[in-house]
There are 2 protein chains.
Amino acid sequence: MATLKVSSLGDYIREQRESAQVSLRQLAKSAGVSNPYLSQIERGIKKPSAEILQQIARGLRISAETLYVHAGILDERHEGGGDVVAAVLADPAIGDRHKRVLVDIYESFRAEHAAKEAVAKKATRSRTRKATGPVATKPHTTTRRTSS
Amino acid sequence: MATLKVSSLGDYIREQRESAQVSLRQLAKSAGVSNPYLSQIERGIKKPSAEILQQIARGLRISAETLYVHAGILDERHEGGGDVVAAVLADPAIGDRHKRVLVDIYESFRAEHAAKEAVAKKATRSRTRKATGPVATKPHTTTRRTSS
DNA sequence: CCCAAGTGCTAACTGGAGCAAGCACTCAGC
DNA sequence: GCTGAGTGCTTGCTCCAGTTAGCACTTGGG
């Protein structure tokens with residue numbers, strides 16, 4: 001299972017913030033987190049908890065699940081509408097035990113289907129995967145004042 | 001937004017562990033967390049991160065999302081959590097035959113759950129809720145040995 | 001009875017999440 | 001030029017997540 005992707009998460013948050021045309025302090029205030037901490041998150045220095053991500057998502061007016069995917073808390077396959085697992089978990093018409101059983105069956109079906117897809121793909125080979133690029137450089141550098 | 005529900009999460013994890021008939025140490029080992037920490041989580045003393053929940057879910061062979069719901073990381077009334085049948089039919093990750101099987105199983109679970117609800121309603125007469133204690137009753141009491 | 005292996009837990013510890021105080025810098029109004 | 005308001009960041013701190021060492025207890029085999 002992938003480790004939590006801190007630096008790409010920070011880039012994404014800063015992207016969303018700048019796209020919404022709000023400052024770091026404004027987002028920090030609406031999200032209810034301190035602005036130095038938000039700065040550290042955006043720069044990939046700190047790894048926020050799911051609770052902090054929920055608050056940031058609320059401040060950005062996006063779904064928390066979007067940030068979860070970037071943080072590695074949720075797998076990308078579960079994001080968005082039509083998600084079977086989310087639908088099952090949210091369904092009040094069945095109990096927890098049934099939910100677990102249904103999700104297990106679904107996952108095994110998915111694995112079976114994926115295996116079949118892999119076999120089918122072997123017949124049509126010659127595909128290359130694109131490597132992901134590094135993180136963006138900082139917008140400006142700061143200079144510390146010499147002590148008086 | 002709900003705060004993270006630590007004690008109900010712990011109860012659920014212990015429930016799942018005991019249902020799977022594994023000891024605390026066995027689960028801790030398969031999950032890759034320390035057994036005292038797992039004990040603290042189950043007793044509601046510590047609040048685990050999403051990463052730890054992922055590991056525990058893997059050790060229990062259940063989906064991490066199930067634990068996320070109990071931890072309050074995911075909302076049970078998730079926006080994507082719409083109709084289960086529609087989600088299954090729309091899912092490209094499984095084949096048509098699997099879709100029909102899954103829908104059939106789901107419908108039978110719903111019918112079973114509905115029947116149980118009907119029975120439970122007949123038996124219920126102004127029930128009073130039992131107050132939950134801080135921790136579950138201990139199987140044994142510990143006394144610290146006086147230092148030599 | 002003894003002992004090894006297993007159980008769940010306590011206590012002390014370390015590292016990191018998250019914050020408050022304060023910094024240098026920019027910009028606009030006076 | 002000065003000043004206030006805003007910006008993003010640094011530093012030091014507190015508190016908690018998560019681990020290690022070790023405890024009492026149970027159980028089964030020799």
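Not measured: the values here are computed from a predicted model. Chain A is the first sequence line, chain B the second, and so forth, proteins listed ahead of strands; every chain is numbered from 1. When reading the values below, keep in mind they use all heavy atoms of this one structure, side chains included, and skip hydrogens, waters and symmetry mates.
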> Using a cut-off of strictly less than 4.0 Å, decide whether A:S23 has a side-chain nitrogen or oxygen near OP1 or OP2 of D:dT7.
yes
> Could you tell me whether the phosphate oxygens of D:dG8, OP1 or OP2, come under 4.0 Å of any side-chain nitrogen or oxygen in A:R25?
no
> Could you check how far NZ of A:K47 sits from C1' of D:dG18, rounded to whole Å?
11 Å
> How far apart are the closest heavy atoms of A:K46 and A:P48, and which atoms are they?
O-CD, 3.4 Å
> Could you tell me how far apart A:Q40 (CD) and D:dG12 (P) are, to the nearest whole angstrom?
13 Å
> Please report the distance, rounded to the nearest Å, between CG in B:L9 and C1' in D:dA17.
14 Å
> So what does A:S34 hit on the nucleic acid, given a heavy-atom distance under 4.0 Å: a base, only sugar-phosphate, or nothing?
base
> Any donor-acceptor pair under 3.5 Å joining the side chain of A:K46 to the base of C:dA17?
yes
> Rounded to the nearest 0.5 Å, how far apart are CD1 of A:I41 and CG of A:L9?
7.5 Å
> Please give, in whole Å, the distance from C:dG6 P to B:L27 CG?
17 Å
> Provide the closest heavy-atom pair for A:H70 versus A:Y12 in the form atom of the first, atom of the second, distance.
NE2-CD1, 3.2 Å
> Which nucleotide in the set D:dA17, D:dC9, D:dG18 lies at the smallest distance from any side-chain heavy atom of B:P48?
D:dG18
> Starting at the 5' end of DNA chain C and moving along, which residue's nearest nucleotide shows up first, B:Y37 or B:Q26?
B:Q26
> Tell me whether the side-chain N/O atoms of B:S49 come closer than 4.0 Å to OP1 or OP2 in D:dA17.
no
> Please give, in whole Å, the distance from D:dG8 P to A:I41 CD1?
14 Å
> Nearest whole angstrom, please: distance from the C1' of D:dT11 to the CD1 of A:I45.
12 Å
> Write down the distance between CG (B:L24) and C1' (D:dT26), rounded to a whole number of angstrom.
16 Å
> Could you tell me which non-hydrogen atom of B:S34 sits nearest to which non-hydrogen atom of B:A28, and how far apart they are?
C-CB, 4.1 Å
> Looking only at heavy atoms, which two atoms of B:L24 and B:R17 are closest? And how far apart?
N-NH1, 3.1 Å
> Can you check the B:N35 CG to C:dC9 C1' distance for me, whole Å?
8 Å
> Hey, does the side chain of B:R17 come within less than 4.0 Å of C:dT7's phosphate (OP1/OP2), counting only N and O?
no
